[in-house]
Amino acid sequence: MYGCETLGQQGGTAMRRNEEVAQLLETIAELLMLKDENPYRIRAYTTAAQNIRALSEDIEEIARQGRLDDIPGIGEALAAKIQEYLETGRLRYYEELKQEVPEVAVDLLEVPGIGPARAHRLYETLGITTISELLRAAQEHRLRDLPGFGPKVEERIAREAARLAQRTRRLLLGVALPIAEEVAALLRRHPAVEAIEPAGSLRRMKETIGDIDILVSSRQPPEVSHAFAQLPIAREVLATGPTRPSILTREGLQVDLRIVEPDCYGAALQYFTGSKEHNIALRGLAAERGWKLSEYGLFDKGGQRLASRTEEEIYQALALQWVPPELRENRGEIEAAREHRLPQLVELSQIRGDLHAHTDWSDGHDAPERMVEAAIARGYEYLAFSDHSQSLAVARGLSPEQVRKQRQLVDELNERYAPFRVLHGAEVNILPDGTLDYPDEVLELFDIVTASIHSAFELSRERMTARVLRAIEHPAVDILGHPTGRLLPSLPPYDIDLEPVLKAAAEHGVAVEINGQPDRLDLDDVWSRRATELGVPLATNSDAHSVRQLENMRYAVATARRGWVEARHVVNTRPLPDLLAWLKRRAAYR
DNA sequence: GCCGTTTTCGGCCCGACTGTTTTCAGTCG
């Protein structure tokens, strides 16, 4: 949580301001939940926050022009509150709310089984505001006599609160997806399974995943459920019902299966893919026509089923383009689908090469030859070696002498594997002052240079931003690598103002990386979208440190897709001659 | 708190499940 005081001092760019306001509104929504306020009022705050996040315009600019209530979901009252906050850095309504409701108590809402009503009762009657207080109260049986509680609820709360104290964080997409795909592949062979697909945030390719949800279409649910429980991957069976069985995998991850009739598979897939916000908006659209949308289908006023077998039918019946799952976040995709202007999202099959891979010359595990052969096997036309630069000792960064030797090897490999092209590159450290980790005469040897930060993460926002801007301006730099340095799920981005960085990249024709390492995904989806708006070339890269990790490209592409990125935005969708022309154009500065 | 060629007031997404209930509130996805 945060206070308005700190928020007000941050200032910063358009997008950052928008994010600030969105977070403030979301916090207010949580406090209103604790007060057990009218749910629709609460939703008004969360939708307003969402819509502000989806803006590509600076909210301060909108406010200055008095157009705040043009933003969907923002009316007179919210416009006034936002105005007050932007002008004064404070919001009195929020401060009053904090007097009434202890802000720490929002943690209670995280406990499964506790919603607005019970959370409100807990702190109002027992003064409970933290999970540990809750756990103690449950263990001492002080909850069971409260209205709306009972022995069962108390027992569940004790269990969940204890679990929450030592819970595993959200899973990385790159961990969850392979497991879900393994389960799906095993079950797909079963004769009773007609269709099977991961759903939920996994299908939307969110960077982290709460639960693994897999949807099955079958006419014989009990048999599928049984087969699921028998899977060798299952360490423990948590639930065995005919429609919602659940297991714990060897890795200790929970996988929930949902089995539905083939007749409503499309409706169920749409429903279980979410996001919640997308679905709410979609149902609103159905409601405008007097129709109803549920996991069983789209129904007209008389209860007649209009669509349910496939997702396409459902979107079509609502006069929408089918929306790719990665876009289903209610960030403008429904409007775009209505106007038939959804983006042509970049696809993995359009990727012609990987511009960021390490070999065993620095901290990679595999020899250059093996990396090349694997890239060829993936159908690529080119691969850049981008081993670390000299100062990164922990990763055995290459000395200028080694760089020259590696150049010779690259030339040999290019003869041997022609027409495949190895690009001799490097991932060059951006030093704290913004200079690069090789002298210019070494930088000139490379076909392609990616500049990244691997040290001095603690610089102030101003110095960090200036550091990266200086690197972008260096004529040798072709790509800015993992631009925020975040590591999921816990290491936040270093303090950098990305807006001017992206603008400078657009100006200098420097590509910005979408790094596909599952714990990076950096740029993220939101900033990738912003980059396309600013005309920044993007590079989806694996940052592979082994043959196997070339597979990370799929996560880079998935993140790009979530950011509305099209093939034309991505330099490594270009055929080799076009890519070389782009690199040459950069080299002309040198 | 928002929104409107059915409405400026009365709606606001939907269904299942659970446990607390004696007809339904609360939570979840």
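Throughout, a chain's letter reflects where its sequence line sits, starting with A, and its residues are numbered from 1. All of these numbers come straight from a predicted model, not from anything done at the bench.
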J.: Looking at A:E20 and A:R17, does any basic side-chain N land under 4.0 Å from a carboxylate oxygen?
T.: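 Yes, charged N to carboxylate O under 4.0 Å.
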
J.: When you check the side-chain N and O atoms of A:H278 and A:E329, is any donor under 3.5 Å from an acceptor?
T.: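 Distance-only check fails for A:H278 and A:E329.
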
J.: List the atom of A:P262, the atom of A:S218, and the distance in Å for their closest heavy-atom pair.
T.: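 The answer is CD-O, 3.5 Å.
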
J.: With a 4.0 Å cut-off on heavy atoms, is A:P151 in touch with a base, just the backbone sugar-phosphate, or nothing at all?
T.: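 A:P151: backbone/sugar contact only, no base atoms under 4.0 Å.
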
J.: B:dT7 and B:dC12: how far apart are their C1' atoms, nearest whole angstrom?
T.: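 Their C1' atoms lie roughly 13 Å apart.
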
J.: Using atom CZ of A:F149 as one end and atom C1' of B:dT27 as the other, report the distance to the nearest whole Å.
T.: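 Atom-to-atom, A:F149 to B:dT27, this comes out as 12 Å.
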
J.: Show me the protein contacts with nucleotides 2-5 of chain B, counting only N or O atoms at under 3.5 Å.
T.:
{"unit_1": "B:dC2", "atom_1": "OP1", "unit_2": "A:G75", "atom_2": "N", "d": "2.5"}
{"unit_1": "B:dC2", "atom_1": "OP1", "unit_2": "A:G75", "atom_2": "O", "d": "3.3"}
{"unit_1": "B:dC2", "atom_1": "OP1", "unit_2": "A:L78", "atom_2": "N", "d": "3.2"}
{"unit_1": "B:dC3", "atom_1": "OP1", "unit_2": "A:G73", "atom_2": "N", "d": "2.9"}

J.: By the 4.0 Å heavy-atom rule, please label A:R258 as base, sugar-phosphate, or nothing.
T.: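 Sugar-phosphate, backbone atoms only, no base.
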
J.: Apply ring pair (Phe, Tyr, Trp, His ring centres under 6.0 Å) to A:H190 and list each qualifying residue two or more places apart in sequence or on a separate chain.
T.: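 With neighbours one apart ignored, the set is empty.
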
J.: What's A:P147 touching, base or sugar-phosphate or nothing? Going by heavy atoms closer than 4.0 Å.
T.: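 Here A:P147 touches no strand at all.
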
J.: Indicate whether any N or O donor in one side chain lies under 3.5 Å from an N or O acceptor in the other, for A:Q270 and A:N279.
T.: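 Their side chains do contain a donor-acceptor pair, which is all the 3.5 Å distance test asks for.
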
J.: Using ring pair (Phe, Tyr, Trp, His ring centres under 6.0 Å) as the criterion, list what pairs up with A:Y123, not counting sequence neighbours.
T.: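 A:H120.
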
J.: Could you write out each protein N or O paired with an N or O of nucleotides 11-18 of chain B at a distance under 3.5 Å?
T.:
{"unit_1": "B:dC13", "atom_1": "OP1", "unit_2": "A:R43", "atom_2": "NH1", "d": "2.6"}
{"unit_1": "B:dC13", "atom_1": "OP1", "unit_2": "A:R43", "atom_2": "NH2", "d": "2.6"}
{"unit_1": "B:dC13", "atom_1": "OP2", "unit_2": "A:R43", "atom_2": "NH1", "d": "2.7"}
{"unit_1": "B:dC13", "atom_1": "O2", "unit_2": "A:R283", "atom_2": "NH1", "d": "2.2"}

J.: On DNA chain B, check which nucleotide each of A:I114 and A:G148 is closest to and give me the residue with the more 5' one.
T.: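 The answer here is A:G148.
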
J.: Has A:R188 got more than 12 heavy atoms of other residues, nucleotides or ligands less than 6.0 Å from its CZ?
T.: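 Atom CZ in A:R188 is crowded, with more than 12 foreign heavy atoms closer than 6.0 Å.
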
J.: Does any residue of residues 300-329 of chain A have a heavy atom under 4.0 Å from DNA chain B, and if so, which ones, in number order?
T.: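 Those residues: none at all.
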
J.: Between A:E154 and A:Y93, just flag the one whose closest nucleotide in DNA chain B comes earlier from the 5' side.
T.: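 Closer to the 5' end of DNA chain B: A:Y93.
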
J.: I'd like to know whether A:W322 forms a side chain to side chain donor-acceptor pair (under 3.5 Å) with A:E311, so could you lay out the CA-CA distance, the side-chain angles of the two residues, the decisive distance to 0.1 Å, and finally the verdict.
T.: CA-CA 7 Å; A:W322 177 78; A:E311 280 193 335; 2.9 Å; yes

J.: Using the P atom as the reference point in each nucleotide, state the distance between B:dA16 and B:dT6 in Å, no decimals.
T.: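 These two P atoms come out 30 Å apart once rounded.
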
J.: Using a distance-only test with no angle check, is there a side-chain donor-acceptor pair under 3.5 angstrom linking A:T484 and A:D522?
T.: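 Judged by distance alone, the side chains do pair up.
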
J.: Pairs under 3.5 angstrom only: tabulate donor-acceptor contacts from the side chains of residues 280-288 of chain A to other protein residues two or more places apart or in another chain.
T.:
{"unit_1": "A:R283", "atom_1": "NE", "unit_2": "A:L293", "atom_2": "O", "d": "2.9"}

J.: Across all strands, who's sitting opposite B:dT8 as a Watson-Crick or G-U wobble pair, both distances under 3.5 Å?
T.: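 WC or wobble partner does not exist here.
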
J.: For atom CZ of A:R244, decide whether the heavy atoms of other residues, nucleotides or ligands shown that lie under 6.0 angstrom number more than 12.
T.: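 At most 12 heavy atoms, drawn from other residues, nucleotides or ligands, come within 6.0 Å of this atom.
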
